[in-house]
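Counting begins at 1 with the first residue of the sequence.
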Amino acid sequence: MGDAGTRRVTPLHKLVLGQSLIGIAYWALLIVIESKATFTLREDAAYMAAIAVAWGGPSVLLSHPVGRIIDAVGPRTVGIVASGAAVVTTLAMIVTDTAALLWAVTLASGVARAFAQPAADAMPSWLPGRVEHVTSSIWMGFATSLPFIAGPTTAAVCIALWGTVAAFGVIAAVSLVGGLVFVSLGATVRPAPEGAGSKIGARVLMASFAVAVALVLTLVTSLANGAFRPLEPLYVREVLDRPAATFATIEVIFGIGLLGATFFMLRWKHLLDHARFLPASVVLIAVGEAVYIGTDRVPVAFAGVFVWGVAVGLFGPACRIALLRGVASEHHGRAMALWRAIQATGSLVAPAVSGLIAAVVGIQAILLAVSALVGVSGAVVWSLVGLRTRRTPPPVAAKVPPAAPAGARGRMAAAEPSRNGS
């Protein structure tokens, strides 16, 4: 930490603050949009599904061009423009008085979000001094987790005190401050080319085992999360037999677990270098989900959802580290956009499917099956990582050439390349 005289606000501190504010604004905005659609415009479930598509669809459809733009012009510029667009679209929602107009503005907000999130994710690679990946990933994980609690709280307080119209104004102000934090970052440094290919996608999946594992496990956990989201309130009502306040408490406990994981990783960050840390966090996610959803006792459900939150908080930074290390720095924008697209895919596809299946087999049955699939996925990857580690040959000691005559040493040194390729 250092003494008080040596402490200063670093670009990473500013980035974490900006990402936290933008995340809080987006979480709160979605809740206020859904509130306006439900209680003011009196829309039905089909319209709410359309809102979900407008919100998450751009992250899926635009990931490739978004990533290329971030890598071309820099994440700071993209983040500033996206934050400005978020302010404009949020203020526009104040005057939306029809369902069609609200949906259109929500779509515009979804487009801004599709740019803002991967821009912030890629920013550490452009900061002066190149912040170490483990540290930046832990703190960016914190910035992603904090809005899970602060976003809904902001929305609830604003709606309760001032109504939806004023809530849109407050959220726009939060987005504006987040954008100004991006501005305050100052000049960024373009990462030096590392000789990687220009495309991020199937080629990277086949070339890098660590990147493939991170993206596949992201898809699995995102699909599971998407399956849980629409059924959790029903589980609380029908299995736990508790009111909405209990569901809200569960969400808070999950968020506390998310934030707790940050401080665990800061204390024992060396664990993130272990090859099996990522699949282990997925297995822990499955354990937390199963304990949470497999009981009708509230204290046990609280314990399970806390473990689930901790596990998710461990998983996110571990994934981010694998992607940042496995993809050339100049392509981190594309890698982060693809990662966000996979997360959005899970949240869009799974809810409808899980709802239909739950209507046939029951809520607990489908969610326990989902958690089992998550656990199996983590265990399979755990085994593959171990197998790959055992098959990797140990480094071969370099042979020391025999001593050369004094006159020849200079010629040998000049002809032999250095070990770093220079």
Side-chain angles (χ1 to χ4, degrees), residues 15 18-19 22-23 26 54-86 107-127 130-131 133 136-137 140-141 143-144 178-179 182 185 188-208 210-219 221-222 316-349:
L15 177 59
Q19 174 72 334
I22 291 171
Y26 277 124
W55 184 257
S59 294
V60 178
L61 299 177
L62 300 177
S63 64
H64 184 65
V66 165
R68 294 187 70 88
I69 291 171
I70 292 171
D71 290 332
V73 305
R76 176 176 176 269
T77 301
V78 173
I80 292 170
V81 174
S83 299
L107 179 63
S109 293
V111 172
R113 177 172 170 266
F115 280 87
Q117 287 186 324
D121 291 330
M123 183 71 77
S125 301
W126 289 65
L127 294 178
R130 295 292 302 278
V131 183
H133 289 326
S136 68
S137 295
M140 291 300 287
T144 303
F182 271 102
L185 288 172
T188 54
V189 180
R190 179 178 294 275
E194 298 177 12
S198 61
K199 293 185 178 180
I200 296 297
R203 181 181 300 180
V204 170
L205 293 181
M206 296 179 67
S208 172
V211 171
V213 164
L215 294 180
V216 169
L217 291 180
T218 295
L219 179 60
T221 54
S222 297
C319 259
R320 190 188 302 268
I321 291 168
L323 292 172
L324 294 178
R325 287 177 172 174
V327 177
S329 297
E330 67 267 29
H331 299 317
H332 281 174
R334 272 166 276 191
M336 294 295 103
L338 177 60
W339 187 44
R340 290 291 186 175
I342 292 173
Q343 294 176 41
T345 299
S347 65
L348 287 175
V349 173

Item to check | Spacing of CD belonging to Q117 relative to CD1 belonging to I22, to within rounding of 0.5 Å | outcome: 9.5 Å

Which heavy atom of [X] sits nearest to which heavy atom of [Y], and what is that distance?
| X | Y | answer |
| --- | --- | --- |
| D121 | R340 | OD2-NE, 2.7 Å |
| S222 | Q343 | OG-CA, 3.4 Å |
| W126 | I70 | CZ2-O, 4.1 Å |
| Y26 | A112 | OH-C, 3.5 Å |
| A214 | C319 | O-SG, 3.5 Å |
| S137 | R320 | OG-CD, 3.4 Å |

Checklist entry - Does R76 use its side chain to pair, donor to acceptor, with the backbone of F182 at less than 3.5 Å? => result yes

Checklist entry - Taking the side chain from H332 and the backbone from V327, do they hold a donor-acceptor pair closer than 3.5 Å? => result yes

4.5 Å side-chain heavy-atom contact, [X] and [Y]:
| X | Y | value |
| --- | --- | --- |
| M336 | L324 | yes |
| L215 | L323 | yes |
| T144 | Q19 | yes |

